[in-house]
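Keep in mind it's a predicted model, so treat the numbers as computed, not measured.
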Amino acid sequence: MVNCFCGLQCAIRTSWTDVNPGRRFFSCPRDVPNCGFFEWCDPPMCPRSVVIIPGLLRARNAHQQAMNGMVAQNRKLKMMLVCTWIVFAMYWFM
């Protein structure tokens, strides 16, 4: 395993920048203060994957946001359905 300038065992992190999407690197495990150690684990990506991966990530994030919106809407509709059942039951038994 790789050690940073502090002498600690490096953390393996993943870059999600547009230039290096999904590429893993070693860095200092401390957040603050950080010794500034940085070294790539993976070889450079081919130019085609550098173009494709950010688009796939954006599409996935858009689908995730749409799904989250649908889950919230579904939750509201279920609550409305329960409320209408309660009102109907109150009306029926009175």
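- From Leu81, atom CG reaches atom OG1 of Thr84 across 4.5 Å, with rounding to the nearest 0.5 Å.
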Please list, one pair per line, the donor and acceptor atoms closer than 3.5 Å that link side chains of residues 62-73 to other protein atoms, with sequence neighbours excluded.
from, atom 1, to, atom 2, distance (Å)
Gln64, NE2, Asn68, OD1, 3.2
Asn68, ND2, Gln64, O, 3.4

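- A 6.0 Å sphere centred on CZ of Arg13 holds more than 12 heavy atoms belonging to other residues, nucleotides or ligands.
- In this structure, Asn34 and Cys28 approach most closely via the heavy-atom pair OD1-CB, 2.9 Å.
- In terms of heavy-atom proximity, Cys4 sits nearest to Phe37 at CB-CB, 3.6 Å.
- The minimum heavy-atom distance linking Asp18 with Val50 is given by the pair O-CG1, 3.6 Å.
- Applying the side chain to side chain contact (heavy atoms under 4.5 Å, CB included) test to Trp40 and every residue at least two apart in sequence or in another chain returns Ser15, Asn20, Arg23, Phe25, Phe38.
- Hydrophobic clustering, with ILVMFWY side chains joined whenever heavy atoms are under 4.5 angstrom apart, groups Phe88 together with Phe93.
- Under the 4.5 Å side-chain heavy-atom criterion for Ile, Leu, Val, Met, Phe, Trp and Tyr, Met45 and Trp16 are members of the same hydrophobic cluster.
- The two atoms that bring Cys6 and Cys35 nearest to each other are SG-CB, 3.3 Å, heavy atoms only.
- Apart from Leu8 itself, the hydrophobic cluster it occupies contains nothing, where clustering links Ile, Leu, Val, Met, Phe, Trp and Tyr at side-chain heavy-atom distances under 4.5 Å.
- Taking OG of Ser27 as the reference point, atom CD of Glu39 lies at 11.0 Å (rounded to 0.5 Å).
- When all heavy atoms are compared, the tightest approach of Thr14 to Arg24 is OG1-CG, 3.8 Å.
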